[in-house]
Amino acid sequence: MGEMTVSGVALARAAPAPRLPARAAAAGVEVRGLLRPMTAEFAVEFAHAGAGTALLQVHAAPSGVVRGVIVEGGRTKLEAWPAAPEGRYDVVVRGADGALWEFHGALCAEGGPLFEAHVDQDDLEPGAVCVRVANFGAEPGEIRVWDRLAAETSVVRLSPDDVHTWQRRCGRHGGRFDYTLTAPALPGFLWRFAGRAAAVGARLPACRSARPAVNE
């Protein structure tokens, strides 16, 4: 089993994750990573807008344990993990139909940018998603969004407290999307979002964390 490196993050070429049961459909599921440097934690908020339940698989380093998280329809769930030494966090969440959320980076960014990002799939035209990125650090910084399926890279420089949104159509790829975010000033920072655009009208329950909680 080899590995590849993107922006200083070594990603193992592991065997595919076990297939999730049919009830674990990813449509209407949103996963958000939340930085909490004041408590030295990295949190993940799970929201499910569909009916029934959604089952997700979560791997949080350094434990190496893969476990299931069940989210009831119309509900949200919040979980947090203590950061590793030097503020490192590495959390990977997998859902059905190839849905993937990866969060790699460090909580400590004194004097530099501090980025959070998420993908919105609600209130959009069919086959489109929005990638939203915010800088809650003390300094401006550059963020790069690599569209793996379109083989295109977008670059923007965000000042402190700025938010930037990319709206992307997924029709050319069967409704699928796959975006990797990196930051030149933050070695090891890599957030990835992959999956299929939700059906029009699929509205997610309001997340408790409307503004990313970087100071909690």
Side-chain angles (χ1 to χ4, degrees), residues 16-36 39 41-61 63 65-81 89-104 116-134 148-149 163 165-171 173-181 191-214 216:
R19 184 178 296 276
L20 295 174
R23 72 169 183 166
V29 173
E30 182 178 349
V31 176
R32 295 191 181 192
L34 303 171
L35 304 174
R36 293 186 164 181
T39 56
E41 292 178 319
F42 183 80
V44 174
E45 187 164 44
F46 308 89
H48 178 33
T53 59
L55 174 62
L56 302 168
Q57 292 179 340
V58 180
H59 172 275
S63 69
V65 176
V66 178
R67 64 183 186 82
V69 172
I70 296 176
V71 187
E72 301 293 335
R75 305 291 296 275
T76 63
K77 178 179 289 188
L78 183 71
E79 298 200 7
W81 297 267
Y89 60 86
D90 293 280
V91 178
V92 178
V93 181
R94 290 183 172 89
D97 196 23
L100 174 68
W101 300 263
E102 289 192 43
F103 308 100
H104 308 280
E116 282 190 2
H118 66 275
V119 171
D120 280 337
Q121 299 186 68
D122 56 316
D123 291 340
L124 296 174
E125 59 184 289
V129 297
C130 280
V131 183
R132 304 187 193 277
V133 184
R148 290 171 175 254
L149 301 182
V163 179
T165 301
W166 288 268
Q167 184 167 5
R168 308 290 295 183
R169 298 179 184 273
C170 309
H173 309 290
R176 303 203 68 86
F177 61 89
D178 192 342
Y179 307 117
T180 295
L181 282 66
W191 286 29
R192 182 180 177 188
F193 307 94
R196 188 182 299 276
V200 64
R203 186 172 181 82
L204 294 169
C207 289
R208 289 187 295 271
S209 50
R211 183 188 188 281
V214 298
E216 290 188 5

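Note that the numbering runs from 1 along the sequence shown for the chain. Quick caveat, the model's predicted, so the values are computed rather than measured.
- Taking CG of Leu100 as the start and CZ of Arg94 as the end, the distance is 6.0 Å to the nearest 0.5 Å.
- Contacts of Val163 classified as side-chain contact (heavy atoms from CB on, under 4.5 Å), with partners at least two apart in sequence or in another chain: Ala134.
- When the salt bridge (Lys or Arg N to Asp or Glu O under 4.0 Å) test is applied to Glu72, no partner is found at least two apart in sequence or on another chain.
- For the atom pair CZ (Phe46) and OG1 (Thr76), the distance works out to 11.0 Å, reported to the nearest 0.5 Å.
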Test Val44 against Arg32 for side-chain contact (heavy atoms from CB on, under 4.5 Å), laying out the working first. CA-CA 6 Å; Val44 174; Arg32 295 191 181 192; over 6 Å; no

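- Annotation: the span from His48 atom NE2 to Leu56 atom CG amounts to 9.0 Å, rounded to 0.5 Å.
- Scanning for side-chain contact (heavy atoms from CB on, under 4.5 Å) contacts around Ala43 gives Leu34, Arg36, Leu78, Ala80, with sequence neighbours left out.
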Would Lys77 and Glu79 count as a salt bridge (charged side-chain N to carboxylate O under 4.0 Å, His left out) if you check the C-alpha gap in whole Å, the side-chain angles of each, and the deciding distance to 0.1 Å? CA-CA 7 Å; Lys77 178 179 289 188; Glu79 298 200 7; 5.0 Å; no

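- Between Phe177 atom CZ and Arg196 atom CZ the span is 10.0 Å, to the nearest 0.5 Å.
- Side-chain contact between Arg192 and Val92 is absent, with no heavy-atom pair separated by less than 4.5 Å.
- In this structure, CD in Glu41 is found 10.5 Å from CH2 in Trp81, a value given to the nearest 0.5 Å.
- Atom NE2 in His104 sits 9.5 Å away from atom OH in Tyr89 (nearest 0.5 Å).
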Chi angles and distances behind the side-chain contact (heavy atoms from CB on, under 4.5 Å) call for Leu181, Val133: CA-CA 9 Å; Leu181 282 66; Val133 184; 3.5 Å; yes

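- In this structure the side chain of Thr180 reaches within 4.5 angstrom of the side chain of Arg148, judged on heavy atoms.
- For the ring pair (Phe, Tyr, Trp, His ring centres under 6.0 Å) test, residues two or more places apart in sequence or in another chain that qualify with Phe103 are Phe42, Trp191.
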I would like to know whether Arg176 and Leu149 meet side-chain contact (heavy atoms from CB on, under 4.5 Å); could you show each step before the answer? CA-CA 8 Å; Arg176 303 203 68 86; Leu149 301 182; 4.1 Å; yes

